[in-house]
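This is a predicted model, so every value here is computed, not measured. Side chains are part of it too, since the values below use all heavy atoms of this structure and drop only hydrogens, waters and symmetry mates.
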Amino acid sequence: MGAVFGGSSKQGSHAVSFLLGAALPTALLFFLASDRLGGGFPTISSSWRGDGSISTARQAAGAANKPATHALAAGSDGRGAAPTQDHEVEFAGLAELLARVATEDRTVILTSVNEIWTRPNSLLDFFLGGFRNGEDTAHLVDHVLIVTVDAASFSGCKAAHPHCYLLEVKSMDMNRAKSFGSPEYVELNWLKLSVQQRVLELGYNFLFTDADILWLRNPFQRISVYADMSCSLDNSKMAPTLLDCENNIGFYYMKATNRSVELVRYWRAARARFDGNPNEQVVFSNIKRELISKLGVRFQPLETEYISGFCDFQDHLDKVCTVHANCCMGLENKVHDLNNIAADWKNYTSMTPEQRKERSFKVTPPRKCRNSMGWV
C-alpha cells in the first residue's frame, strides 16, 4: 500500500498509512470520528443556494433540501468557478436510497452505466459477477449503488441489480447514445461528480468504481483510513514517486469529511480554468498538488500491484484485488479480455493453497485491448 500525501498546512507532507482490515466499520469510526462532517452524520441536512454554495444544518438549521444547479460564482483560484455548462440536476430519493444501501459505517460503492453496458453478457454482468466470485466480496454487492441517466439504462440496471438510481437531468438530452470523448460524454462524467458531492454532503463515504472493473478481492484492505481520497493509478512505476504517477479516476475512495466535500467542489470549479472541454481526469491531474497544498487533502495513490489494470498489467493473481479494463478501446474488446481474466480467476481459486504455491500461475494477457491501443 502506498504512502499518504498531504494533511494540514501545519503538518506538511505525511507518509502515514494504516491498513484497513476486516474490522472496517469500527476502524473507520474509531480513527476518523474527528475528521467527519461535523462529527455527526445523522444531523447533516444540506441545501443548495442559488449561487451553488451549500449550507448545512449547522449553518442554516431547518433548511429544506433543494434541487442542485451547477451554477458557481467564478473565482481567481478556481474555487467557485462555473463549469462549462449548467444542468438542472435533481437528487430526488437519493438520501433514502443511500440509507438502504450503505454499510454500517455509512460507506457505499458507486458505479455508473449506460444502456449498452446493462445489456445481458455486457460489462454490468461481469462487474456484478466479480463480487459473487471474488474473495471476501460477495457481501459487498448489497452495498453497490448503480447510477443511470436515462430510462433505458435504469430499466437494464433494475433487471440485474436491486439498487439503481436514475439521475434526473432536465436540461440535457439523455436519450441519445454518447460516444467516447464527445462533448456529451464529457458532460456525463462531470455530472458524476455532482452526485458524488451530494453523497459526501449527506455524510456517506463512497468508493467509486467504473463498471469495466473486475473485483477479485476486497479492495478496502488496501485503502488507508488516514486518507481523504485514495485513487488508482495507470502505472505505479512510471514516475519518481507515487504522487507523480498518472491517476486513473475510474477507481477512487472518498471519506465524508469537510476536506473531501471541499475537494470535489474545488475539482468541479477548476474546470473553468482550462481551455476546451477537459474531462474530469485531466483537470484532476492538473490540480492534484493544489488539493494537497491549499486544502490540506490527505491523498493516497493506490499501487497497481493491488489495484491493477490493463495499462500496467499484472500477470499474477496472488495479490491483485481489482482489474480495470483501461487502456482499451471498444466494448467488445473489454468484455473479451475481462472474460479471460474471470476464467483465469475461476481456475486459480479452484486450486488448493499448496497448488498455488507450487505452480507459477499466469494470467491471460489482454491481447484485444492491447491491439486496440496499437500495442504489439
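- Salt bridge Asp318/Arg217: absent, no basic N to carboxylate O contact under 4.0 Å.
- The shortest distance between side-chain heavy atoms of Arg271 and Val186 falls below 4.5 Å.
- Formation of a donor-acceptor pair under 3.5 Å by the Ser260 side chain with backbone atoms of Met254 is not found in this model.
- Side-chain N or O atoms of Asn205 include one that pairs as donor or acceptor with a backbone N or O of Ala256 at under 3.5 Å.
- Without hydrogens or angle criteria, Ser372 side chain to Met329 main chain gives a donor-acceptor distance under 3.5 Å.
- A donor-acceptor contact closer than 3.5 angstrom links the side chains of Asp228 and Thr257.
- A donor-acceptor contact shorter than 3.5 Å links the side chain of Gln281 to the backbone of Ile249.
- For Phe299 and Phe5, the ring centers sit 6.0 Å or farther from each other.
- Ion pair Lys319/Glu135 not flagged as a salt bridge, since none of the NZ, NE, NH1 or NH2 atoms sits closer than 4.0 Å to an Asp/Glu carboxylate oxygen.
- Between the side chain of Gln314 and the backbone N or O of Ser308 there is no donor-acceptor pair closer than 3.5 Å.
- The residues Glu201 and Arg265 are annotated as not salt-bridged, no charged nitrogen and carboxylate oxygen being separated by less than 4.0 angstrom.
- Proximity of Asn279 to Val282: side-chain heavy atoms (C-beta onward) are separated by under 4.5 Å at one or more points.
- With respect to the salt-bridge test (charged N to carboxylate O, under 4.0 angstrom), the residues Lys192 and Glu280 qualify.
- Disulfide check for Cys327/Cys369 fails, with the SG atoms at least 2.5 Å apart.
- No donor-acceptor distance shorter than 3.5 angstrom exists from the side chain of His143 to the backbone of Ile109, with no hydrogens or angles considered.
- By the rule that hydrophobic residues join a cluster once side-chain heavy atoms approach within less than 4.5 Å of another member, Trp190 and Tyr266 end up as members of one cluster.
- For Ser224 (side chain) and Tyr226 (main-chain N/O), a donor-acceptor pair under 3.5 Å exists by modelled atom type.
- Under a 4.0 Å N-O distance rule, the pair Arg119/Glu115 qualifies as a salt bridge.
- For the pair Asp337 (side chain) and Lys368 (backbone), a donor-acceptor distance under 3.5 Å is present.
- No hydrogens or angles considered: nothing links the side chains of Tyr348 and Gln355 as a donor-acceptor pair under 3.5 Å.
- Judged by distance alone, the side chain of Arg273 and the main-chain N or O of Val283 form no donor-acceptor pair under 3.5 Å.
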